[in-house]
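Quick notes on the structure that follows.
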There are 2 protein chains.
Amino acid sequence: MERSNSSDNHPQSTEPLTIENHKVLVATDIALFTIKDGIFQVLLIKRGVPPFLDFWALPGGLIRMDIGERGEEPEEAALRELKEETGLAKDLGYLEQLGTYGSPNRDPREQRVISIAYFGIGPTLEDPEGGSDASHATFVPVEKAISDQLDLAFDHRLILTDAIKRARAKLEYSTIATQFCTQEFTISELRRVYEIIWDTELDPGNFQKKVLSSPGFIMDLGRNADSSQTGGRPAKLYSAGTETLLNSPIRR
Amino acid sequence: MERSNSSDNHPQSTEPLTIENHKVLVATDIALFTIKDGIFQVLLIKRGVPPFLDFWALPGGLIRMDIGERGEEPEEAALRELKEETGLAKDLGYLEQLGTYGSPNRDPREQRVISIAYFGIGPTLEDPEGGSDASHATFVPVEKAISDQLDLAFDHRLILTDAIKRARAKLEYSTIATQFCTQEFTISELRRVYEIIWDTELDPGNFQKKVLSSPGFIMDLGRNADSSQTGGRPAKLYSAGTETLLNSPIRR
DNA sequence: ACAAAAGTGTTTCTACTACACCCATGG
DNA sequence: CCATGGGTGTAGTAGAAACACTTTTGT
């Protein structure tokens, strides 16, 4: 890999093939999920510049080479663009690389652009603000976002579809569901995360036992939630545990 | 994402910031696994050019912009470099993207290079040949490859470690184990794949029933294997099924 | 007291484990 | 005949599903 000489024969090209000719632009995009109003939603921006002017898109942008000694870390770039485009400054609950999308025709512009996509879970923004070149940022229900109702820029429908699959799969064998909750939450709230994202109903009793028997999933705070709004017996409060993977999965 | 104008203020830089300044080189690398001599092995090349001259490395190289209308697909580039560097022309049993490694300092050269890494399973090569800039290509036991005995170029020890984890995890919930077998195989041979990669022993009887009760995992060919070499009752022959994911996992 | 939600207990069922046992071939 | 590995049967067990039941609050 990473050969210093690319002095092979290149029959299809007439121009001199310097290293510079093989360089491409690298962008990052984030599929940032949250649960808002009881609905599984993803953060989108409305593009304010061409190409795909006025299309919806995942927040993201180019990795900059003028930040740091040798350019930014891809993950830094993703977080910087997220902040610039949506005003989201709070810490994300979770962020991991989803995959890299690099088909030659994914960007219609002259320059080839590949994108490193991230999967994230974030706090619900009451009013995300559009910044820089994004004219508007808002959470959109995932079903609507991948439907025909919305025009997504570039290959963002593909990226988003992959990200949704990742989210649904990760609920089974990891503890990321806690990242969709507030800092302190009840087991019912955690259960609702599963029910909303999987669009299923889970047995409250069995879920309770399952979660409590998974070491490191949740931590008992020794206090109760206020039940005046919700009615019924006050539920115990928990916070996210230290474990990231479940030894026995939560079944759909 | 993918903004056409990068006309923001860039305080840390003095040079004019054109799009060209943000372009980087994109490479691909493959961690190609096989089982050879009853050992879980990975294909490595010995580098014939600096940097990391004479270090071992995963096969790979730059995505070329002079192939196709707008440059190659990343996956194409990975397969092309694999062929150029190792002479491997046969079809791979499996190939998927592993992840992109893009830290600014992962390549010591002047130009920044990021790498899209792939995870693959391939046929065992009796004598892989070094080609182009790779002076030697050979399968190396994975334990040795990630040990201190071997010097791996760039961040390839990190990539390889991630790829090994992926392989071990995928055995559980996917049917990729069949890709480590020859076209026709017995259930014992399939079981040995699990035993070798996981370094465990599995109960032959239970494994048999588990595999046979997983729809789409393997297909009965209606013929028996020759048992003259191995002794014992001749085993039925199977080929890989059509399913890629297992509904109930094989447990370690 | 009643409603509502939290949390526990109990029965049933399913699936895995462990291991005994039979089968089919070569020598 | 025996040795060897392939393949099946079965009892014991762990855990999930279904659901009845108890607990604790607000009104």
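So that the names make sense, note that chain A is the first sequence line, chain B the second, and so on, each numbered from 1.
- Rounded to whole angstrom, the span from the CG atom of N206(B) across to the P atom of dG6(D) amounts to 15 Å.
- We find that CG of L202(B) is positioned 11 Å from P of dA18(C), with the value rounded to whole Å.
- Side-chain nitrogen and oxygen atoms of S188(B) include none within less than 4.0 Å of the OP1 or OP2 phosphate oxygen of dG5(D).
- Using modelled atom types and a 3.5 Å distance limit, the side chains of Y101(A) and D29(A) yield no donor-acceptor pair.
- Residue E172(B) contributes atom CD, which lies 13 Å from atom P of dC16(C) at whole-angstrom precision.
- In this structure, K209(B) does not reach the dT8(D) phosphate: none of its side-chain N or O atoms is under 4.0 Å from OP1 or OP2.
- Annotation: proximity of residues 245-252 of chain A to DNA chain C (heavy atom, distance under 4.0 Å) is found for no residue.
- No side-chain heavy atom of E189(A) sits under 4.5 Å from any side-chain heavy atom of V193(A).
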Next on the checklist: side chain to side chain contact (heavy atoms under 4.5 Å, CB included), that's the test. Do L212(B) and I187(B) meet it? Break it down for me.
Outcome noted: CA-CA 9 Å; L212(B) 289 174; I187(B) 293 183; 4.0 Å; yes
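- Under the 6.0 Å cut-off for aromatic ring centres, F154(B) and F55(B) do not qualify, their centroids lying 6.0 Å or more apart.
- Rounded to whole Å, atom C1' of dG9(C) lies 13 Å from atom CG of D203(A).
- If you measure from atom NZ of K210(B) to atom C1' of dT8(D), you get 18 Å, rounded to the nearest angstrom.
- The nearest whole Å value for the distance from the CD atom in Q208(B) to the P atom in dC23(C) is 16 Å.
- In this structure, T186(A) reaches neither bases nor backbone, as no heavy-atom distance under 4.0 Å exists between it and the strands shown.
- A donor-acceptor contact shorter than 3.5 Å links the side chain of D226(A) to the backbone of S228(A).
- Between the P atom of dC16(C) and the CG atom of L212(B) lies a distance of 13 Å, rounded to the nearest Å.
- Side-chain contact between I30(A) and L58(A): absent, with no pair of heavy atoms (C-beta onward) separated by less than 4.5 Å.
- Residue pairs meeting the ring-ring contact (aromatic ring centres under 6.0 Å, His included) criterion with at least one member in residues 201-230 of chain B, sequence neighbours excluded, are Y194(B)-F207(B).
- Under the 4.5 Å side-chain criterion, counting only non-hydrogen atoms from C-beta, T86(A) is not in contact with L32(A).
- For the segment residues 217-238 of chain A, the set of residues with a heavy atom within less than 4.0 Å of an atom of DNA chain C comprises T230(A), G231(A), G232(A), R233(A), P234(A), A235(A), K236(A), in numerical order.
- Within the 3.5 Å criterion, the main-chain N or O of R252(A) finds no donor-acceptor partner in the side chain of E172(A).
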